[in-house]
Amino acid sequence: VTESGRPLSRRDLEDLVEGAALLGAGGGGPRWVGLQVITAIAEADKWPRLLQPEDLDADARVAGTASLALPNALSASDQFPWWLSECAFTALESAYGHTLDAVLPIALGPANALLPAIVAAKLGRPLVDVAAAPRACPFLAGYSYASLSGPLLAALAMPGRAPQILRAPSAVEMQQILMKEVQSQGSPGIASLALFAMPANKLRQIAYYYGVSKAIDLGRTIRSAREQQRDPVEAACSALGGKVVFRASRATDVPNKSGSSALTFESLDGRSHLLVYHLAENLLAWREGDLTPTAMGPDIVTYLTADGLTFTNDAVDLAAVSGHELVVIAAAVPEEWRASSMVSGWSAGIAATTAYAGAYVPTWRSREIAHTKSWPSLRDELIHLLTEAAEIEHLICCQYLYAAFSLKQGESEGLDWREAMHTRNWAQLLLLIARQEMEHLALVSNLLTSFGGAPHFERPNFPQSKRYSELQFRLVPFSEEMLRRFICLERPLNVPWREACGPDLLEPPKPDLSAPVGLEFSGEAKESLAALYDHIGRLISNSSDNDALFIGPPNAQISGDILHVNFPRPGAIGGVWDVTLFDITDRQTALRAIKLIVDQGEGGRGAEEYTHYRWFREMLEQYLGARMDNPKFEPARLLVSNPILNQHSDAGRGGTLITNPATRDVLCLFNGVYETLLLLLYRLYANPEMTANQVTALAYTMFPLMTQVIRPIAEILTALPAYDYPSPFRAGPSFEITNAIDLLSHPASAFRVLTEKLSALSLYANELGARADLPDRLTSIGHNLFIMAKKFESVAAGNYPPDLLVPGVAHYYTQRSQN
Amino acid sequence: MSKARNTAARSGRQRSRTRGAASWLGPGSLEDVLLGSCILGVGGGGPRVLGQSLLELVKKLGVPMIATPDDVADTAWMAVSACAGSPTAAAVDPFPYQVATVAYRELESRTEKRFDYVLAGELGAGNSFIPMLVAAKLGLPLVDASGARRAMTTLPEATFAANGVPVAPIVTADENTTVTFSTDTAINADPVLRAIISSGTFPDFAGIALWTMNGATMKRSAIPNTLAYARDLGEALRSAKGRDPVTAVCGFLNGKVLFRGKIVNVTEQVVAGFDVGRTTLKSRDGRAQCTVYNQNENLIAWNNQKSTPLAMGPDLLCWLTADGEPFTNAKPDIAKYAHNPSKKLDKEVVLIGASAPKQSRVPSIIEACMKLLRQIGYGGPYVAIEDLS
């Protein structure tokens with residue numbers, strides 16, 4: 001195996017230190033040790049090779065290595081004796097009686113991920129792309145390798161001493177022996193150890209796969225955010241699926257009487273504190289004064305400075321970030337690491353070293369509770385899942401629109417003609433995808449109606465914690481990170497997570513067409529959207545006539561005929577706006593709708609050409625190619641992420657408050673129009689109670705509202721300053737739902753309300769357009785709204801000439817009115 | 001003046017100044033005081049076995065007169081008498097309570113006050129009896145009041161501290177040596193006191209006398225009738241024959257059973273010079289687990305099925321076996337009830353929670369408790385037991 005694997009560059013190793021520092025959860029060895037190890041590797045000019053675990057020969061044997069040090073000993077040391085790891089590894093090899101073909105990382109941490117790398121480099125053996133856990137643990141028993149059967153063998157190397165071979169019946173006892181040795185009288189307090197020798201086939205069963213690659217990717221994400229002047233904290237949160245739980249001006253470490261230490265973070269205003277209890281690795285974060293901990297192991301509590309520097313609980317690392325704004329992030333570990341045995345091990349450790357012995361408080365608890373409901377009937381379950389699907393489609397659509405609106409629009413914004421062609425194409429493609437997401441939302445609404453449920457156009461505000469494929473839903477400008485997130489989101493059912501969301505993304509897709517489709521849907525955040533639809537589809541397929549699912553009134557269905565989109569347009573996919581809508585009245589049409597949604601989005605088997613998944617992959621390839629040609633190519637305007645006009649209780653942390661007064665006024669207009677659109681949609685889906693003219697009025701107002709009002713205001717917002725102080729950052733459409741959006745139940749009053757809203761928005765847009773500090777274009781938008789309001793009122797009352805009711809009629813009508 | 005004449009003169013003056021004292025606490029009631037004090041010791045306050053030996057000493061010396069606070073003249077003088085230090089160092093038989101007498105006399109001399117009464121700082125299986133022994137030895141009445149209606153971990157938890165009674169001068173003593181010091185507050189006195197006692201001058205154990213005050217101050221700052229409360233609690237427990245003793249104790253304390261199960265683990269670790277104990281109970285079906293953290297006295301309790309605490313100090317977390325035996329966290333006590341199949345020890349115990357009296361629910365005492373909880377790794381706020389579901 002020695003010739004296998006891909007070489008790791010210095011950049012890779014630097015990214016590994018940063019990513020592993022985040023995954024080290026405060027521990028995993030100090031960051032400064034990791035950086036020293038890179039220097040040592042560079043000086044020796046021997047670079048490690050990273051080998052995928054599946055590429056190990058079945059009869060190969062491997063072992064791990066890591067450091068073990070007392071905090072005081074580390075603080076007193078200028079140079080970490082990294083060479084001890086090599087001593088420990090070779091000593092273990094002798095005691096084990098087999099050649100060790102490759103080196104394993106045990107813990108992901110800035111030092112502990114790098115020490116195996118230098119051992120691998122020095123001994124010319126590959127480093128295996130695994131870890132023993134998705135985070136560094138304070139207890140050996142918290143690592144998957146601890147499940148090895150039989151007595152454990154370890155080699156311990158300390159400065160000035162011959163390596164010792166230690167044996168223990170279990171990881172718990174081995175930890176006690178190791179700690180006793182390192183804490184013993186005369187011990188230098190610093191050691192390296194090698195342990196967990198095992199055959200490759202065993203490793204494949206128990207390892208946390210691609211741990212090194214994931215850490216490198218995480219480090220790269222933070223670095224690129226820094227380089228591109230994006231928010232590194234946001235980038236880290238997005239990559240980790242985490243959230244900011246505290247921002248602090250400083251932190252001080254105080255030992256407590258139970259054996260752990262509390263790193264106390266003081267908030268920026270000095271009024272509150274967050275205590276992070278740790279044993280090097282963080283155990284528990286607790287906002288002072290809260291009755292329940294903020295986050296706790298096995299979930300990750302980790303740190304970053306606001307400007308993107310990683311650090312650990314080590315005193316030297318902490319001193320290095322003095323004066324920076326410190327950010328504490330909490331992120332859930334993957335679900336399999338939250339198994340009850342894992343949680344009880346962590347809980348016991350936490351109870352023994354802090355004064356918390358209560359129940360495990362998962363970081364994303366509310367979502368999980370939402371998913372653990374059981375349903376009294378198939379109808380209930382379908383309505384629940386489709387309501388969830390409606391919310392997700394809506395959230396996704398807004399994200400795609402934001403990305404599309406963020407793109408620069410031509411040479412006037414510093415692009416050359418090729419780059420301008422790219423951004424135009426990408427914007428068109430993103431808008432097409434967004435329209436198809438609207439179509440999915442409409443089909444899901446028809447499905448809901450057909451099952452007797454209610455269409456659902458509400459959704460929580462941005463940003464949202466991870467929903468599907470472990471991803472957050474956020475409004476961010478076009479970027480590589482955004483494309484990777486969208487690819488992951490649209491992952492087909494039979495494409496492994498790693499291929500769509502992991503380090504192999506840039507390789508050609510290798511969907512396994514023979515893989516079984518339709519594994520059990522758990523409803524957890526790790527699931528893909530495709531799995532959600534697959535589950536809905538199977539529920540419908542497996543339903544019997546006795547279930548009498550399709551009880552909704554057929555005339556409540558909104559088809560392409562009602563919206564007048566069922567005619568082809570050259571270049572369009574589907575109807576005139578790339579939208580295909582049909583009535584859903586039975587199992588066949590319901591399954592057709594699910595198939596259409598999946599075929600357009602993820603692709604049923606991952607190999608189709610016209611899918612969102614493939615389009616996003618192509619966009620990423622084009623983007624990376626363009627960046628190769630011009631490393632300074634920035635396709636997007638410098639927009640803030642998750643702009644907000646107001647704080648929302650249903651949104652996660654990470655919203656960017658727009659503070660520029662003029663921009664706020666335009667954002668207010670935008671949100672008003674967006675909310676009106678949602679009210680129109682609700683009213684449209686309650687169509688059986690309305691006259692044909694009223695339905696027509698709604699159908700004919702919706703599309704112009706999107707194309708002639710929402711889109712231009714969004715474009716204006718991307719050019720307006722975000723802040724009330726000089727800053728290059730611009731705002732963007734926030735898609736906020738600030739008021740209760742619901743069905744206006746009574747048609748007569750509903751049409752009056754909607755007409756009034758359109759008229760009021762028209763006046764407001766005109767008022768803004770007249771201001772010197774805002775673009776004139778708002779006046780045109782005001783005129784469009786005025787025409788829409790008049791036409792809406794007229795059509796609903798049956799006073800509008802029927803022959804003029806064709807798409808795009810507003811412009812025509814305007815001309816007629818003026819004539 | 002000779003020692004004999006001094007004592008006679010004192011007795012004469014005393015009769016006029018301590019006229020309200022009565023001997024309501026007969027030898028028979030002492031057992032009830034022990035039972036009640038052991039429960040109110042909330043895991044600390046000295047081992048029950050120590051309390052039993054002190055009780056015998058009291059009987060030998062003669063039970064002192066007990067004065068209710070209302071009967072104490074505003075101008076009468078008294079101070080708090082106690083012992084402090086390592087329970088292990090104090091585990092000698094007979095218990096050297098005389099060190100508390102030495103300290104008390106020294107404080108009297110230092111303050112140039114003539115003490116008419118002895119005052120207790122707290123309750124506990126051992127700690128209820130030490131001031132009683134000092135009172136009996138010195139022939140002074142004991143005031144039925146104290147700075148806490150439970151055992152406390154640190155001086156600032158006393159109502160005397162909360163009411164701003166000057167804690168100094170403070171005398172620490174063994175039979176041969178006295179050390180007197182002054183600090184401005186009980187918060188500052190606590191670490192100095194611990195430092196002196198463990199400095200090597202004393203055998204990790206000493207008598208202490210502090211909080212010199214007159215009757216008016218005592219009435220303003222002490223919790224009245226604490227000894228009678230302990231006695232009545234003990235009596236309620238003792239007289240619950242044929243009935244559920246746990247219900248009887250809960251009824252008296254207006255408390256509730258926080259957890260019922262077997263003690264499966266008792267750990268004590270010394271970290272940075274502090275002893276922190278942890279007692280783990282498992283429910284009968286093995287599903288739920290309760291962990292109680294203590295620093296001698298029980299500080300906070302958790303159920304592993306809930307993310308909020310069951311109760312915390314200054315509220316009471318009391319131990320009782322299901323068949324009505326109070327016990328403490330001291331090894332000789334708890335070892336009797338910890339689950340140990342090899343020794344056929346399999347007793348069910350209950351953790352009872354009850355509200356602290358209103359005098360102990362003032363900000364400074366809550367703050368003192370929260371400081372202790374912070375030091376052992378609790379990051380939350382104080383929430384009264386009745387507000388914790």
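Chain letters run A, B, ... following the sequence lines, proteins first and then strands; every chain starts at 1.
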Legend entry - Structural part of B:L372 lying under 4.5 Å from a heavy atom of chain A: side chain
Legend entry - B:N303, part contacting chain A, at a heavy-atom distance under 4.5 Å: backbone
Legend entry - Test side-chain hydrogen bond (donor to acceptor under 3.5 Å, both in side chains) applied to B:R284 - qualifying residues, sequence neighbours left out: B:E348
Legend entry - chain A interface, residue from B:Q289, B:M370, B:R278, B:Q305 that has the most non-hydrogen pairs under 4.5 Å: B:R278
Legend entry - Contact summary for A:T354 and B:G377, nearest pair of heavy atoms: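 Closest heavy-atom pair between A:T354 and B:G377: CB-O, 3.8 Å.
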Just how far is it from atom [atom1] of [X] to atom [atom2] of [Y], taken to the nearest 0.5 Å?
X      : Y      : atom1 : atom2 : result
B:Y378 : A:L275 : OH    : CG    : 11.5 Å
A:L291 : B:K306 : CG    : NZ    : 9.5 Å
B:I376 : A:Y356 : CD1   : OH    : 14.0 Å
B:R374 : A:W286 : CZ    : CH2   : 8.0 Å

Identify every side-chain donor-acceptor pair in residues 134-143 of chain A under 3.5 Å, counting partners at least two apart or on other chains, and give the distances.
from	atom 1	to	atom 2	distance (Å)
A:R135	NH1	A:D299	O	2.8
A:R135	NH2	A:N282	O	2.9
A:Y143	OH	A:C137	N	2.8
A:Y143	OH	A:C137	O	3.3

Legend entry - Residues, nucleotides or ligands: over 12 heavy atoms within 6.0 Å of A:R250 CZ: no
Legend entry - B:N254 atom CG, over 12 foreign heavy atoms within 6.0 Å: no
Legend entry - A:A359 backbone acceptor or donor facing B:W302 side chain under 3.5 Å: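 Between the backbone of A:A359 and the side chain of B:W302 there is no qualifying donor-acceptor contact (under 3.5 Å).
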Legend entry - Which of A:A352, A:S347, A:P293 touches chain B most, by non-hydrogen pairs under 4.5 Å: A:A352
Legend entry - Region of A:A351 that comes under 4.5 Å of a non-hydrogen atom in chain B: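 Both backbone and side chain.
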